[in-house]
Amino acid sequence: MADRFPNLFSPLCVGSQTFRNRIFSTGHMTCLLDADMLPDERFVAYHEARARGGAGLIITEAARVHASGGWRNLDASSDACITPYRRTANAVHRHGCMIFGQLGHPGAYGVTTPDGSHGVALGPSQVKTQRSHTIARALSLSMVGQLVRAYGIAAGRMKRAGLDGVEILASHSLLPAQFLNPAMNRRQDAYGGSLANRMRFLEEVIACVRDHAGPSMVVGMRISGDEMETEGNDPEELLEVCRRLGNAGTLDYINVIAGSMTGLRGSIHVVPPMNVANAYLAPLAAAVKRLVPIPVFVAGRINQPQDAEAIIATGQADMTGMTRAQIADPDMASKARSGRIDDIRACIACNQACIGHMQTGHGISCIQHPETGRELEYAGKSPARMPQTVVVAGGGPAGMKAAAVAAERGHRVILAELTIRLGGQVLLAQELPGRAEFGGIVTNLQREMACHAVEVKLGTRVTRQTIEDWGADTVIVATGATPLVPDIENDGQAMLVDAWQVIRGEISVGSRVVIADWRCDWTGMGLAEKLAREGCQVTLAVNGTMPGQMIQMYVRDRWAGDLNRLGVEIVPYVRLVGADSSGTWLQHVTSGEIILIESVDTVIAAVGHMPDTTLAQELADWSGTYLEIGDCLSPRTCEEAVLEGMKAGCSV
């Protein structure tokens, strides 16, 4: 019930608009665009799902206001955007939710072009950026004026499309923030030097946007309260910027975030991973709120309504951005309002299928809720035409999702798990430092199964005989995989163990270990951190270009910094070839040269998994229907397991 969160579900007036509650979805790239970089039907369905789910405000992703702003972003630089924006606004408004557009320009960060070549990066001055390795061309005064006008014209297009407001991006070291930063703005004209001069571009943008938006449209600004970057803007100066702009009478709100796109250190905070504290940016918003008379928004790892309520109740901010929370559960707001807290599928900040998909150019989704981004196909699950008895063999993420979806559609579902706990490899992942939240996948999937009355049998091996005894019509095989034993030379003197044994605490590894990391994922990095924190001298030998090569970059980059601080030695481009009394033998994968690491107590193999196909082989000539999903089909990640579980549950 809403009285459990009286502040979170109270209305808020911002400019000329009133939001029904204090929950909003921040601007974030979805990659749900057509070939012309305009919103398509997937984009509309995605945002409508969050509006239907109870959000008070949706801010759509950063749109380029000018052709110089790159190719990959949503394009608001021509009138072609008006119709698709209008379709989106109409869909969101149907559910009582407000919708804003977002205006951006990457500036010196760099731009891409449709043919894959590098475009010309334009910035306040001719400076280099650390992350994109670009050297910007300094903007001429004429071009500065063009860009200011482009922001305003784009805002006018959003107004014509029926959006309720616009948000100017001065966050994450994008172009307006670059003008503010003396390390990136070395101009000698009216746009450089003093803080008043460095603010001039942003002030002119705000004024032009307000002129085109008019008094009825909300105009806000998103700004990083701390860019968390070595050469980023000074946080105290950013506070002063907020104070001046927030009291100038031209903005209706300030949206506080953190991080920078120009460096690896700051970019971690663009979408912070799970080893960053929940709601950690609320103090930044509180500092701004003390200085301005207009509402202040905040985001940053706010994944539970309890955290959001506390932020509003303590006066740290007026509106809470819960973006990944609503990617994981589009109905999060309505569930919280009705008191169904246990039914909320909490985000675990793994970053794999949300920002991870965007960075590979694929549509947004969620490893726990693959329906996200696929609303047109899977948001409404059709009831089964003929209810069956479905047996799911395996209680990892693949089996749990398959069971929940099949039961939701009306089948009688029995899930049998060989061990005494549900969760599969998630139970291992959650034991590593900073990864406990990953275990939320199990909690969430268990709740989905309970809501749809799945019958769970633990400590039960599924065989062909048990399937026949239970009268199964369909079997979904989700038996997972087991650690691969490396085929290497070993004289019997070296201790060679697998990663699972170490995570489970079954092995005493000694004081000097080598981790053979073929997978380049969370396993090697997590084990390295765990053992280094326990006092071991650790060498992480990676069969790739870097540790964590296969995981999302913000997760990897944060972890790489942690391993550096812990003194973990990292050897890339190597594979494990042998272990004996003299040490561990590695081979460089491109030169072929042999590398010996001496005086090793234990070699830990994280070299992949072998599918468990025992049950599938038993069913090869079975007269019923069976499907294989997850690691027993092919060892991959939790994302593929849950996705295939959903598809299996929908197909039976």
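What you see below is based on every heavy atom in this structure, not just the backbone, and it leaves out hydrogens, waters and symmetry mates.
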Examine distances only and state if a side-chain atom of Arg374 and a backbone atom of Pro370 form a donor-acceptor pair shorter than 3.5 Å. yes
I'd like to know if the side chain of Glu227 reaches the main chain of Asn233, judged simply by a donor and an acceptor atom lying under 3.5 Å from each other, with no hydrogens or angles considered. yes
NZ/NE/NH1/NH2 to OD/OE distance under 4.0 Å, Arg435 and Glu431: no
Side chain to side chain contact (heavy atoms under 4.5 Å, CB included) with Pro397: of Asp631, Val426, Ile367, Asn444, only one passes, and it is Val426
Looking at Ala136, is its backbone amide N or carbonyl O close enough to the side chain of Thr134 to form a donor-acceptor pair, meaning the two atoms are under 3.5 Å apart? no
Taking Ser173's backbone N and O only, do any of them form a donor-acceptor pair with Gln178's side chain (distance below 3.5 Å, no angle check)? yes
Closer than 3.5 angstrom, by distance alone: can the side chain of Ser132 be matched with the main-chain N or O of Tyr109 as a donor-acceptor pair? yes
Other residues, nucleotides, ligands: >12 heavy atoms within 6.0 Å of Asp487 CG: no
Can you tell me if Thr323 uses its side chain to pair, donor with acceptor, with the backbone of Thr26 under 3.5 Å? yes
Any idea which heavy atoms bring Ala398 and Gly630 closest together, and the distance? CB-CA, 4.1 Å
For Glu229 and Gly266, indicate whether the former's side chain and the latter's backbone hold a donor-acceptor pair under 3.5 Å. yes
Let me know which of Asn73, Leu33, Ile364 forms a side chain to side chain contact (heavy atoms under 4.5 Å, CB included) with Glu61. Leu33
For the backbone of Gly259 and the side chain of Ser224, can you confirm whether one donor and one acceptor N or O come within less than 3.5 Å of each other? yes
Between Arg636 and Glu644, does at least one N-O distance fall below 4.0 Å, as a salt bridge requires? yes
Check ion pair Arg565-Glu529 (N to O, under 4.0 angstrom): no
Has Thr419 got a side-chain atom pairing as donor or acceptor with Arg421's backbone, closer than 3.5 angstrom? yes
Strictly distance-based, threshold 3.5 Å: is any side-chain N or O of Asp498 a donor or acceptor partner for the main-chain N or O of Pro483? no
Answer yes if the ring centres of His269 and Tyr280 are under 6.0 angstrom apart, and no otherwise. yes
Residues forming a side-chain hydrogen bond (donor to acceptor under 3.5 Å, both in side chains) with Ser171, sequence neighbours excluded: none
Please determine whether side chain to side chain contact (heavy atoms under 4.5 Å, CB included) holds for the pair Arg558 and Val276, giving the CA-CA distance in whole Å, both sets of side-chain angles, and the decisive distance to 0.1 Å. CA-CA 9 Å; Arg558 168 71 187 239; Val276 173; 3.2 Å; yes
